[in-house]
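Here the structure is laid out as structure tokens; the discussion comes afterwards.
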Amino acid sequence: MQDKRVRKASLRCCLKNDECWINPKTKGIFVIGRSDDTLTQNGERFSSGEIYLAIDQMSELEDYLCVGQDRWDGESRAVLFVKLKKGLSFTEELKKKIEDTIIKEFSDYNLPEVILEVPDIPYNLTNKRLESVVRKIVATNTVPEVNNIKNPDSLRHYLDIPQLMNYDSTA
């Protein structure tokens, strides 16, 4: 995958973490959304789009979403939620494979501190991952009012997660 980024850069393409579909017949590009969430972890800033780029080709993953979680003392960490393909289980081996893939493609600075499985990823009506909504749920453990969501039931999967609820009390 690193070769593709270098090749794209040499073609003078501007990479802005847009997500798109490419029509296999016409080769036309339909831009469907942008990953705009900037994450800070251990003093390093990076984009959720970098995480998505690193794990996009993993055959075990159906979908994913990465958000930042802030703590009362100003520290923050990245949290990666993954939706697995049907029939697969989230094992320590798979978690390690996800971690190794991110480190190989970028660095250990980009490795989310928490990686969790969820059954669904929320999307708005224009097919953009709802990072900001999930970030609010992670911060407050409540579901905010959202009007433009394709799959509203998906939001409940981000509530009451012990690994996230305990973060604010640790320092």
Side-chain angles (χ1 to χ4, degrees), residues 1-20 29 31-58 60-83 90 94-118 121-124 126-144 146 149 154-155 157-159 161-171:
M1 185 165 12
Q2 288 178 337
D3 293 340
K4 287 182 190 174
R5 287 194 301 272
V6 172
R7 191 167 49 248
K8 286 180 184 177
S10 68
L11 293 174
R12 298 184 190 271
C13 292
C14 182
L15 303 176
K16 297 284 187 183
N17 295 321
D18 285 333
E19 296 180 44
C20 64
I29 297 174
V31 177
I32 59 171
R34 175 172 285 175
S35 170
D36 291 326
D37 207 12
T38 300
L39 308 167
T40 304
Q41 180 175 271
N42 300 320
E44 296 290 328
R45 291 174 50 111
F46 56 96
S47 165
S48 56
E50 293 173 36
I51 304 300
Y52 302 158
L53 183 62
I55 63 175
D56 184 61
Q57 298 300 311
M58 291 187 67
E60 299 88 348
L61 304 182
E62 183 174 319
D63 207 353
Y64 34 79
L65 181 134
C66 192
V67 299
Q69 182 181 23
D70 297 325
R71 195 166 64 191
W72 64 271
D73 62 357
E75 290 297 315
S76 60
R77 66 181 180 181
V79 179
L80 175 62
F81 297 97
V82 295
K83 178 181 177 182
F90 189 69
L94 178 55
K95 183 179 177 185
K96 177 84 168 98
K97 183 176 179 183
I98 293 168
E99 292 171 345
D100 290 345
T101 300
I102 294 168
I103 291 169
K104 177 181 172 241
E105 291 299 325
F106 290 99
S107 77
D108 55 347
Y109 292 116
N110 296 75
L111 182 62
E113 203 170 291
V114 179
I115 302 175
L116 301 167
E117 179 186 12
V118 288
I121 303 291
Y123 279 85
N124 70 12
T126 59
N127 289 320
K128 183 177 180 189
R129 289 181 186 101
L130 291 175
E131 292 173 345
S132 61
V133 173
V134 171
R135 189 177 342 102
K136 287 176 188 172
I137 296 171
V138 167
T140 64
N141 202 40
T142 58
V143 176
V146 183
I149 184 170
S154 65
L155 297 178
H157 302 298
Y158 299 86
L159 291 169
I161 300 172
Q163 299 95 315
L164 303 181
M165 294 175 66
N166 295 333
Y167 181 62
D168 204 32
S169 62
T170 61

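Computed from a predicted structure; not experimentally measured.
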Under the side chain to side chain donor-acceptor pair (under 3.5 Å) rule, what do Ser48 and Glu131 come out as? Steps first, then yes or no, please.
CA-CA 9 Å; Ser48 56; Glu131 292 173 345; 2.9 Å; yes
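- Salt bridge Asp70/Arg135: absent, no basic N to carboxylate O contact under 4.0 Å.
- Using a 4.5 Å heavy-atom cutoff, the side chains of Pro122 and Val134 are in contact.
- Put simply, the side chain of Cys66 reaches to within 4.5 Å of the side chain of Leu39, judged on heavy atoms.
- For the residue pair Asn141 / Tyr158, no side-chain donor-acceptor distance below 3.5 Å is found, with atom types taken as modelled.
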With side chain to side chain contact (heavy atoms under 4.5 Å, CB included) as the criterion, how do Leu53 and Glu105 come out once you've worked through the C-alpha distance, each side chain's angles and the decisive distance to 0.1 Å?
CA-CA 9 Å; Leu53 183 62; Glu105 291 299 325; over 6 Å; no
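- Side-chain contact between Phe46 and Ile51 is present, with heavy atoms from C-beta onward closer than 4.5 Å.
- Between the Ser76 side chain and the Gln69 main chain, no donor and acceptor come within less than 3.5 Å of each other.
- Ion pairing of Lys97 with Glu60 is present here, as a side-chain N (NZ or NE/NH1/NH2) and a carboxylate O approach within less than 4.0 Å.
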Could you pull out every donor-acceptor pair under 3.5 Å between side chains of residues 108-115 and any protein atom, sequence neighbours left out?
from   : atom 1 : to     : atom 2 : distance (Å)
Asn110 : OD1    : Ser107 : OG     : 3.0
Asn110 : ND2    : Glu50  : OE1    : 2.8

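- Evaluation of the side chain to side chain contact (heavy atoms under 4.5 Å, CB included) rule for Lys136 yields Pro144 as partners, not counting sequence neighbours.
- Tyr52 and Tyr64 have tilted rings, their planes meeting at an angle from 30° to 60° on a 0 to 90° scale.
- Between Asp100 and Lys96 there is a salt bridge, with a side-chain nitrogen of the basic residue lying less than 4.0 Å from a carboxylate oxygen of the acidic one.
- Between Ala78 and Gln41, the closest heavy-atom pair is N-OE1, 2.8 Å.
- Rounding to the nearest 0.5 angstrom, the gap separating the CD1 atom in Ile149 from the CG atom in Leu155 is 4.0 Å.
- Using a distance-only test at 3.5 Å, with no hydrogens or angles considered, a donor-acceptor pair links the side chain of Asp73 to the main chain of Glu75.
- Two residues are said to be in side-chain contact when any heavy atoms from C-beta on lie closer than 4.5 Å; Ile137 and Thr142 fail this criterion.
- Phe81 approaches Ile121 most closely through the heavy-atom pair O-CD1, 4.2 Å.
- Side-chain contact check for Lys95 versus Phe90: some heavy-atom pair is nearer than 4.5 Å.
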Test Leu80 against Ile102 for side chain to side chain contact (heavy atoms under 4.5 Å, CB included), laying out the working first.
CA-CA 11 Å; Leu80 175 62; Ile102 294 168; 4.2 Å; yes
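- Contact of the Met58 side chain with the Ile98 side chain is registered, since non-hydrogen atoms from C-beta on lie closer than 4.5 Å.
- The side-chain tip of Arg77 points at the ring of Tyr167 from less than 6.0 angstrom away and within 45° of straight on.
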